[in-house]
Amino acid sequence: MRAWESNIRRVTPYTPGEQPKKTGIIKLNTNENPYPPAPGVERALRETDAGRMRLYPDPTASVLVEAVAKNKDLRPEQIFVGVGSDDVLAMCFLTFFNGAKPILFPDITYSFYDVWADVFRIPYETPALDENFDIDPRDYYRENGGVIFPNPNAPTGVECPQEAIEDILRHNQDVIVIVDEAYVDFGAASALPLLKKYDNLIVVQTFSKSRSLAGMRIGFAMANPELIRYLNDVKYSFNSYTMDQTALALGVASIEDTAYFETTTARIAATRERTKKRLSELGFSFRDSRSNFIFATHKSCPAKELFDALRAQDIYVRYFPKPRIDNYLRITVGTDEEMDIFLEFLKNYLR
Ligand code: PMP
């Protein structure tokens, strides 16, 4: 071994879903929105001025912070924006999970959490979801260095009831509790109203799913101003200019169009409900997803086999070869037309 090798920060990185280069595929594998962003986003993009790119962007991202604050009925001091919610969550781990006690998150959850914990050398424990993939709040009564979970959970799509979230908060007032609401806009209840009551709560959301801007990388955290200040201190100790000028302009255009947001999220929820019904008829079972994906298992056909068969037809879904979930497929809700092709294939394959 060469001497410098012992100085390396070794990590096992997160594996993002596949982004195939070829066109004409049906892409239901990374929970992207099948609809384009709000029309104002394209206008804002056309108006971007290449000449201005010689200047650094506003490090405080104030136009976007203010637009998000207005949309959420919060004060700008309560908003922190980042390069997708992955960036926001990574900053939260670095800022708030700096104690010696293990942080807690469910055994089946967003597979980036253990990666951040490892890269930042944060100890963690993963209380098991019950057999229905529900969180038992009592698992979070123990001493810990912080709590994080998505709501709805990923990759299960299961919503954690508000009483359970508040129960977890009530028992964890000495640590920071983060609710990752990447998928909340497709029909689940946000923990945002609890911000008034719990000053240790952070709610994180993203423009990637419900606002069709995964490619632009915009996410945000909402919390009391003191926590936002700590987050900004760490951000400014890392990279002052996280949000580029284009992201700022497009983010503002996106969040200002509430009507478009409501129409497209409702359309996806309607397609999800229709898809659920057809999947049940085909012998699949799943929990009642409140997100833009369905986490389903088939009564007789193994998930890996289905995954491969779908892929051979250029229909991409996500498969996780992990304990407890290796017989499930996570199927992103696409357009009605895409879901029809997907369901038609399954109907013939499973015959
Ligand atoms: N949280 C959860 C639960 C997710 O599934 C994702 C998407 N991979 C993210 C956060 C991050 O999304 P983004 O960085 O695009 O905002």
Side-chain angles (χ1 to χ4, degrees), residues 13-19 27-34 37 41 61 64 68 79-94 103 105-117 119 126 129 133 135 147-160 165 177-188 190-191 202-222 231 235 239 242-244 247 250-251 254-255 261 265 268 287 289-295 316-320 322 325 328-333:
Y14 171 75
T15 315
E18 231 181 314
Q19 295 293 54
K27 194 168 178 308
L28 310 175
N29 69 331
T30 50
N31 297 340
E32 288 145 325
N33 195 310
V41 170
L64 183 57
V68 172
I79 309 293
F80 173 84
V81 295
V83 188
S85 53
D86 280 340
D87 179 47
V88 174
L89 291 164
M91 287 292 131
C92 287
F93 271 61
L94 192 54
I103 63 165
F105 50 84
D107 64 335
I108 300 167
T109 195
Y110 185 29
S111 47
F112 223 137
Y113 296 163
D114 56 353
V115 175
W116 287 316
V119 73
T126 56
L129 296 179
F133 295 149
I135 287 181
V147 174
I148 178 162
F149 57 91
N151 188 37
N153 196 10
T156 64
V158 175
E159 180 177 13
C160 184
I165 296 179
V177 176
I178 303 173
V179 184
D180 173 358
E181 295 189 339
Y183 302 103
V184 79
D185 294 327
F186 300 101
S190 174
I202 302 180
V203 178
V204 176
Q205 294 186 4
T206 177
F207 283 55
S208 295
K209 325 287 178 181
S210 55
R211 296 187 180 274
S212 310
L213 279 175
M216 203 62 241
R217 313 304 300 128
I218 306 172
F220 55 101
M222 298 168 280
L231 264 177
K235 175 198 122 160
N239 176 4
T242 50
M243 307 306 287
D244 66 61
L250 271 49
S254 167
I255 204 155
F261 166 82
T265 48
I268 289 165
R287 283 294 309 276
S289 166
R290 287 286 160 148
S291 59
N292 67 335
F293 56 86
I294 301 163
F295 195 57
Y316 288 71
V317 296
R318 190 90 190 253
Y319 172 72
F320 300 93
K322 289 188 169 178
I325 57 171
Y328 283 80
L329 295 177
R330 193 195 67 187
I331 304 149
T332 303
V333 178

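Atoms within a ligand are numbered from 1 in the order they appear, just like the ligands themselves. Everything numeric in this text was worked out from a predicted model, so none of it was measured.
In the vicinity of Thr206, heavy-atom distances shorter than 4.0 Å reach the ligand 1 atoms 13 (P), 16 (O). Within the listing of ligand 1, atoms 13 (P), 14 (O), 15 (O) sit less than 4.0 angstrom from a heavy atom of Arg217. Atoms of ligand 1 found under 4.0 Å from any heavy atom of Gly84 (numbered from 1 in listed order, with element): 14 (O), 16 (O).
At a heavy-atom cutoff of 4.0 Å, ligand 1 is contacted by both the backbone and the side chain of Ser85.
Among Ser291, Ala90, Ser208, the residue whose heavy atom lies closest to atom 15 (O) of ligand 1 is Ser208.
Not a single heavy atom of Phe207 sits closer than 4.0 Å to an atom of ligand 1.
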ring-ring contact (aromatic ring centres under 6.0 Å, His included) assessment of Phe207 paired with Phe220: CA-CA 8 Å; Phe207 283 55; Phe220 55 101; 5.7 Å; yes
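Residue, atom and distance of the protein heavy atom nearest to atom 3 (C) of ligand 1 are Asp180 OD2, 3.3 Å. The single protein non-hydrogen atom nearest to atom 4 (C) of ligand 1 is Tyr183 OH, 3.5 Å, given as residue, atom name and distance. The shortest contact between atom 8 (N) of ligand 1 and any protein heavy atom is with Tyr110 OH, 3.1 Å. Among all non-hydrogen protein atoms, the one lying nearest atom 7 (C) of ligand 1 is Lys209 NZ, 3.0 Å.
In this structure, the separation between CG on Asn151 and CZ on Arg290 is 11.0 Å, given to the nearest 0.5 Å. Here the OH atom belonging to Tyr183 is positioned 13.0 Å from the CD atom belonging to Gln205, to the nearest 0.5 angstrom.
Contact of the Leu94 side chain with the Trp116 side chain is not registered, since no non-hydrogen atoms from C-beta on lie closer than 4.5 Å. Residues Arg330 and Asn31 form a side-chain contact, since some pair of their non-hydrogen atoms from C-beta on lies under 4.5 Å apart.
In terms of polar-atom proximity, defined here as any N/O pair under 3.5 Å, Asp86 does make such a contact with ligand 1.
Phe295 pairs with exactly one of Val158, Leu329, Ile331, Ile325 by the side chain to side chain contact (heavy atoms under 4.5 Å, CB included) rule, that one being Ile325.
For Tyr113 and Tyr110, the gap between ring centers is short of 6.0 Å.
In this structure, Arg211 forms a cation-pi arrangement with Phe261, its terminal cationic atom sitting closer than 6.0 Å to the ring centre and no more than 45° off the ring axis.
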